[in-house]
Amino acid sequence: MPTIVEHLADFAAGADGRSLPEDVVSESKRILLDTLGCAVASLGDAGAQRGVEYGQFLGGSGGSASILGTGTKTSVPGAAFANAELVNALDQDAVLPPGHVTPYVVPGALATAEALHSSGERLLTAIAVAHEMSYRIGKATDYLRDIKDGVVTIPKVIGYSSTLFGAVAAIGVVKGFSGEALADALGIMGSTMPTNTQRAWMMHAPSTTIKYQLAGGMALSAVTAANLAELGHTGDREMLDDREYGFPRFIGTSRWEPAPITAGLGTEWTFTPFQSFKPYPHCRVMHALFDALTEIVEANDLAPGEIDAIDAWGESFVMQPVWVNETIRNPRDAQFSMTHGLALAAHRIPPGKDWQTPEAVFDPSVLALTAKTTFQEHPDYTAALTSNPAARRSRVEVHARGTRFSGERGYPKGSPSPDPVTYMTDDELIAKFRHNVDGVVSDADAAAVVEAVYDLENVDDISTLLNRLGPTLTA
């Protein structure tokens with residue numbers, strides 16, 4: 001009987017971009033466009049710049065893979081590291097259970113595709129395979145919003161390392177690995193997997209600026225595993241079958257339900273109904289509240305100085321140090337502070353990279369309103385989550401002009417839900433991309449990138465698309 005690793009390897013090796021379901025093709029293109037925009041938007045961020053500099057340290061200059069938005073090239077490992085840091089820097093990248101997937105699985109495949117002058121169809125297939133695989137494996141392990149005895153309970157060990165099976169598979173797809181080579185790559189990835197450190201990040205606030213996991217390090221691990229397999233190293237093919245001594249044990253998951261990993265694999269695609277996009281550069285737990293708050297302040301034309309208090313109720317599990325933190329030392333702290341995020345949203349700054357500038361983060365008006373803002377658990381949050389895993393029951397009240405303005409949301413913008421308004425349309429994603437690259441990429445180049453991404457299966461050489469993201473290139 002084939003092992004789980006061998007099943008996954010055969011799935012990746014046999015994936016054919018020409019026969020992917022329409023929704024898989026569509027979401028994979030949308031993921032790529034959003035990812036490119038998120039990377040370019042981060043170029044002014046100090047934390048992202050550290051990732052760029054380390055990527056250049058790893059790969060030097062004059063290589064075959066781009067550091068997105070900079071007009072410079074380096075080695076594939078260097079570009080994968082730098083671009084992962086760029087994509088994740090402002091926390092506006094796409095999300096999919098087990099949480100963040102895209103910043104870990106796309107950069108290695110993207111850098112490899114550019115270096116090999118691979119087709120858009122090959123990259124499209126790699127993106128689809130990576131997200132499908134990551135979603136399936138993630139659902140087999142502990143999840144951030146697991147409900148135990150009627151309570152949303154954060155596991156003692158949590159993180160996104162499981163996504164790296166998808167990341168290494170994506171690189172293998174781009175390189176055209178056989179099933180045998182992919183099985184070795186997956187096995188090597190399992191044996192070299194970074195530990196899941198997210199719970200420490202949650203509990204130790206103000207927290208580390210490398211965030212829940214170092215995106216660059218994750219992407220670099222996948223590049224390493226794939227290339228070692230190509231060079232002839234062999235991998236542990238029993239890694240995902242052995243609960244006692246394999247991946248489930250040393251990754252720290254208390255739950256291991258592997259049957260869905262391979263059920264219908266290759267014929268059924270399962271990730272697209274759960275793929276979400278982020279309108280705001282802030283932790284996803286606050287987005288439904290931002291939606292409601294923005295509507296209130298805009299509909300009533302409320303100025304920040306008129307607001308006496310903001311009270312909010314939302315996700316129950318986030319009463320943890322990293323989210324209740326109000327010590328804002330840098331934009332990374334601001335990305336996760338619930339009260340600071342609400343105060344910033346009340347200032348009606350258009351969502352995007354402008355939220356993360358030092359001028360916005362440390363605005364005295366924002367900091368003053370932070371002190372007037374509270375956050376509590378919504379009493380109906382768990383019940384709503386039980387009925388629909390996409391539900392994020394949220395309520396916000398704004399006290400201003402002697403009046404209490406209130407708003408509620410059941411689902412945040414950007415997620416598929418029973419409310420069609422929450423779906424982020426292509427036009428909305430394109431607008432987000434255009435805003436994110438504004439000031440770096442010319443309008444003509446931005447339009448060319450959008451056109452190429454939405455016609456990705458007909459792009460002969462992915463490098464022609466990425467070359468349009470350089471800051472000095474024009475049509």
Side-chain angles (χ1 to χ4, degrees), residues 30-31 34 37-38 41 88-103 144-145 152 211-212 274-298 310-320 322-324 331-332 334-356 360 366 370 373 375-378 380-381 384-385 388-398 406-425 428-429 431-432 435-436:
R30 286 156 53 87
I31 288 166
D34 190 62
C38 289
N88 185 238
L90 302 188
D91 226 73
Q92 60 171 333
D93 48 276
V95 289
L96 172 75
H100 290 268
V101 172
T102 299
L144 191 60
R145 294 178 176 87
V152 179
K211 300 169 76 165
Y212 23 79
F274 304 96
Q275 182 66 52
S276 296
F277 297 90
K278 298 175 71 171
Y280 306 96
H282 197 284
C283 182
R284 185 65 169 160
V285 301
M286 298 298 293
H287 284 212
L289 286 167
F290 293 158
D291 292 338
L293 176 60
T294 298
E295 182 178 71
I296 290 171
V297 296
E298 290 184 351
I310 300 173
D311 298 317
W313 294 261
E315 296 213 42
S316 63
F317 76 91
V318 296
M319 305 303 292
Q320 306 292 327
V322 74
W323 287 295
V324 301
R332 303 285 169 112
Q335 289 171 16
F336 303 98
S337 172
M338 294 180 290
T339 53
H340 185 279
L342 287 163
L344 185 60
H347 281 69
R348 298 163 70 175
I349 301 171
K353 57 187 177 182
D354 302 327
W355 272 41
Q356 296 296 322
V366 171
T370 298
T373 302
F375 179 90
Q376 302 174 58
E377 171 187 347
H378 194 293
D380 299 328
Y381 169 73
L385 184 67
N388 188 320
R392 302 289 184 268
R393 178 59 59 187
S394 303
R395 176 178 175 81
V396 64
E397 295 181 355
V398 179
S406 62
E408 297 220 20
R409 288 293 189 278
Y411 303 88
K413 179 68 176 179
S415 296
S417 80
D419 181 358
V421 172
T422 68
Y423 179 77
M424 204 160 181
T425 66
E428 289 169 329
L429 274 176
K432 176 186 173 182
H435 179 60
N436 273 334

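- We find the CD-CD distance between E408 and E397 to be 8.5 Å, quoted to the nearest 0.5 Å.
- Residues F277 and D93 are not in side-chain contact: their nearest non-hydrogen atoms beyond the backbone lie 4.5 Å or more apart.
- From R393, atom CZ reaches atom CG of L289 across 11.5 Å, with rounding to the nearest 0.5 Å.
- Nearest approach of P97 to F274, heavy atoms of both residues: CD-O, 3.8 Å.
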Apply the test side-chain contact (heavy atoms from CB on, under 4.5 Å) to residues Y381 and R145: give CA-CA distance (whole Å), side-chain angles for both, the deciding distance (0.1 Å), then the verdict. CA-CA 11 Å; Y381 169 73; R145 294 178 176 87; 3.5 Å; yes

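- Checking side-chain atoms of H282 against main-chain N and O of S337 turns up a donor-acceptor pair under 3.5 Å.
- Contact record, S276 with R284: CB-NH2, 4.2 Å, taken as the closest heavy-atom pair.
- Here the side chain of K353 pairs no donor or acceptor atom with the backbone of P281 at under 3.5 angstrom.
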Apply the test salt bridge (charged side-chain N to carboxylate O under 4.0 Å, His left out) to residues R332 and D91: give CA-CA distance (whole Å), side-chain angles for both, the deciding distance (0.1 Å), then the verdict. CA-CA 9 Å; R332 303 285 169 112; D91 226 73; over 6 Å; no

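- Shortest non-hydrogen contact noted between I349 and A360 is CD1-CB, 3.9 Å.
- Atom CH2 in W313 sits 9.0 Å away from atom OG in S406 (nearest 0.5 Å).
- A salt bridge between E295 and R409 is present, with a side-chain N of the basic residue lying under 4.0 Å from a carboxylate O of the acidic one.
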List the steps and the verdict of side-chain contact (heavy atoms from CB on, under 4.5 Å) for F375 and V318. CA-CA 10 Å; F375 179 90; V318 296; 3.7 Å; yes

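- H100 has its side chain out of reach of K211: every pair of non-hydrogen atoms, C-beta onward, lies at least 4.5 Å apart.
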Candidate pair V396 and I296, rule side-chain contact (heavy atoms from CB on, under 4.5 Å), full reasoning: CA-CA 9 Å; V396 64; I296 290 171; 3.8 Å; yes

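- To the nearest 0.5 Å, atom OG1 of residue T294 and atom NZ of residue K413 are 12.5 Å apart.
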Test side chain to side chain donor-acceptor pair (under 3.5 Å) on Y411 and D291 and set out the steps. CA-CA 10 Å; Y411 303 88; D291 292 338; over 6 Å; no

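- The distance from the NZ atom of K432 to the CG atom of L429 is 7.0 Å, given to the nearest 0.5 Å.
- Between the side chains of R392 and S415, no donor-acceptor pair of N or O atoms lies under 3.5 Å.
- Residues I310 and L342 share a closest heavy-atom pair of CD1-O, 4.1 Å.
- Closest heavy-atom contact between W355 and A345: CH2-CB, 3.8 Å.
- Inter-residue side-chain proximity for Y280 and Q335 is flagged as unmet; no heavy-atom pair is nearer than 4.5 Å.
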After noting the C-alpha distance and the side-chain angles of D34 and Q92, does the key distance pass the side chain to side chain donor-acceptor pair (under 3.5 Å) rule? CA-CA 9 Å; D34 190 62; Q92 60 171 333; over 6 Å; no

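- Side-chain contact between C38 and L90 is absent, with no heavy atoms from C-beta onward closer than 4.5 Å.
- Taking 4.5 Å as the limit, every side-chain heavy atom of R395 sits out of range of all side-chain heavy atoms of Q376.
- Using a 4.5 Å cut-off on side-chain heavy atoms (C-beta onward), Q275 and V101 make no contact.
- Considering every non-hydrogen atom in both P279 and H287, the closest pair reads CD-ND1, 3.7 Å.
- The closest side-chain heavy-atom distance from E315 to M286 is not below 4.5 Å.
- Inter-residue side-chain proximity for W323 and V285 is flagged as met; some heavy-atom pair is nearer than 4.5 Å.
- A donor-acceptor pair shorter than 3.5 Å cannot be found between the side chains of T339 and T370.
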